[in-house]
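Have a look at the structure below before the remarks.
The structure presented is a predicted model; accordingly, all values stated were derived computationally and were not measured. Below, read A as the first sequence line, B as the second, and so on, with proteins coming before strands; counting in each chain starts at 1.
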Protein chains: 2
Amino acid sequence: MNGMEVVKKEKYYTDNQERMAKLAKALSNPVRVYILDFLANNLDRCCYSGDMVDDLPIARSTLSEHLKELKKAGLIQGEINPPYIKYCINQANWDEAKVLFGSFFNR
Amino acid sequence: MNGMEVVKKEKYYTDNQERMAKLAKALSNPVRVYILDFLANNLDRCCYSGDMVDDLPIARSTLSEHLKELKKAGLIQGEINPPYIKYCINQANWDEAKVLFGSFFNR
DNA sequence: TCTTTGTTTCGTAAATTTACGAAATGAATG
DNA sequence: CATTCATTTCGTAAATTTACGAAACAAAGA
């Protein structure tokens with residue numbers, strides 16, 4: 001096996017449970033909820049990171065890290081449009097999250 | 001004002017945004033999602049902490065801390081029934097969370 | 001080519017989270 | 001009253017998160 005070891009790892013959580021936890025972690029900070037609210041309410045117009053930074057009590061670099069977190073979770077995507085980056089909701093993953101949380105709370 | 005100082009604190013996030021973030025933080029760990037899944041699927045029968053600990057790769061004390069987190073967020077409640085504690089979903093807050101997440105994702 | 005501009009990455013510090021085992025708790029039982 | 005039982009709290013260590021300013025980047029304009 002080319003020097004790789006086979007490790008049997010027991011699975012304790014379902015894929016849905018792990019996906020829920022990851023999405024929830026992305027939503028677990030008010031700055032990130034604010035960002036998602038902002039983007040979801042402004043789907044039609046531009047959503048540059050600079051549009052948000054003036055309304056928030058955090059540094060640009062900190063905002064950038066929060067955007068990175070949301071990108072990592074798949075909830076947003078950035079379309080490069082130099083020197084700006086236009087952020088948008090990632091609709092496919094947003095819908096997936098909607099279904100996941102929907103069926104979690106509604107049973 | 002009895003020695004207390006008045007501090008004007010600017011508010012950057014709506015109450016809903018802060019409540020969302022708090023609820024999401026409670027959901028941001030797979031153990032806690034597992035617990036909620038377990039309780040929500042077993043509303044009719046007993047839900048002692050011991051019922052879950054054998055299925056999870058964590059110590060009893062760690063499970064207890066996760067239960068405390070969920071209680072703090074209001075998503076569960078514990079009915080003492082010595083020497084057991086029967087945990088249940090807190091239906092009112094569960095429904096509030098359902099509405100919050102529902103209107104967040106569905107707009 | 002040197003700035004400017006909007007943004008990200010890096011280095012780092014402080015706070016929070018997660019985890020464990022040991023000790024404590026509180027009610028029932030011998 | 002000492003023991004048992006399920007559970008929580010405490011003390012603590014390791015990992016992760018959040019934040020900042022400085023530096024780096026990449027494209028456009030002077």
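The interatomic distance linking B:Ile35 (CD1) with D:dT7 (P) rounds to 12 Å, in whole Å.
Residue contacts shown for A:Pro30 are absent, as no nucleic acid heavy atom lies under 4.0 Å away.
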Could you list the donor-acceptor pairs under 3.5 angstrom formed by side chains in residues 20-31 of chain B, with sequence neighbours left out?
| from | atom 1 | to | atom 2 | distance (Å) |
| --- | --- | --- | --- | --- |
| B:Ser28 | OG | B:Lys25 | O | 2.7 |
| B:Asn29 | OD1 | B:Val31 | N | 2.8 |

Pairs under 3.5 angstrom only: tabulate donor-acceptor contacts from the side chains of residues 94-105 of chain A to other protein residues two or more places apart or in another chain.
| from | atom 1 | to | atom 2 | distance (Å) |
| --- | --- | --- | --- | --- |
| A:Trp94 | NE1 | B:Phe105 | O | 3.0 |
| A:Asp95 | OD1 | A:Gln91 | NE2 | 3.2 |
| A:Glu96 | OE1 | A:Arg19 | NE | 3.4 |
| A:Glu96 | OE1 | A:Arg19 | NH2 | 3.3 |
| A:Glu96 | OE2 | A:Arg19 | NE | 3.0 |
| A:Ser103 | OG | A:Val99 | O | 2.9 |
| A:Ser103 | OG | A:Leu100 | O | 3.4 |

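Residue A:Ile89 comes nearest to A:Gln77 through the heavy atom pair O-OE1, 3.6 Å, listed as atom of the first residue, atom of the second, then distance. Heavy atoms only, all atoms of each residue included: A:Tyr34 and B:Tyr13 are closest at CB-CD2, 4.1 Å.
For A:Lys71, the side-chain contact (heavy atoms from CB on, under 4.5 Å) partners are A:Ile76, A:Tyr87, not counting sequence neighbours.
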Apply salt bridge (Lys or Arg N to Asp or Glu O under 4.0 Å) to residues B:Lys86 and B:Asp51 and explain how you reach the verdict.
CA-CA 10 Å; B:Lys86 180 175 158 187; B:Asp51 292 345; over 6 Å; no

Determine, stepwise, if the pair B:Ile85 / B:Ser49 fulfils side chain to side chain contact (heavy atoms under 4.5 Å, CB included).
CA-CA 7 Å; B:Ile85 296 180; B:Ser49 122; over 6 Å; no

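Applying the side-chain hydrogen bond (donor to acceptor under 3.5 Å, both in side chains) test to residues at least two apart or on different chains, the pairs with a partner in residues 56-68 of chain A are A:Arg32-A:His66.
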Strictly under 4.0 angstrom, non-hydrogen atoms only: write out the protein contact profile of nucleotides 8-17 of chain C, one letter per nucleotide from the 5' end, B, S or -.
BBB------S

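An end-to-end axis angle of 0° holds for the helix from C:dT1-D:dA30 to C:dG30-D:dC1, taken from five base pairs per end and rounded to 10°.
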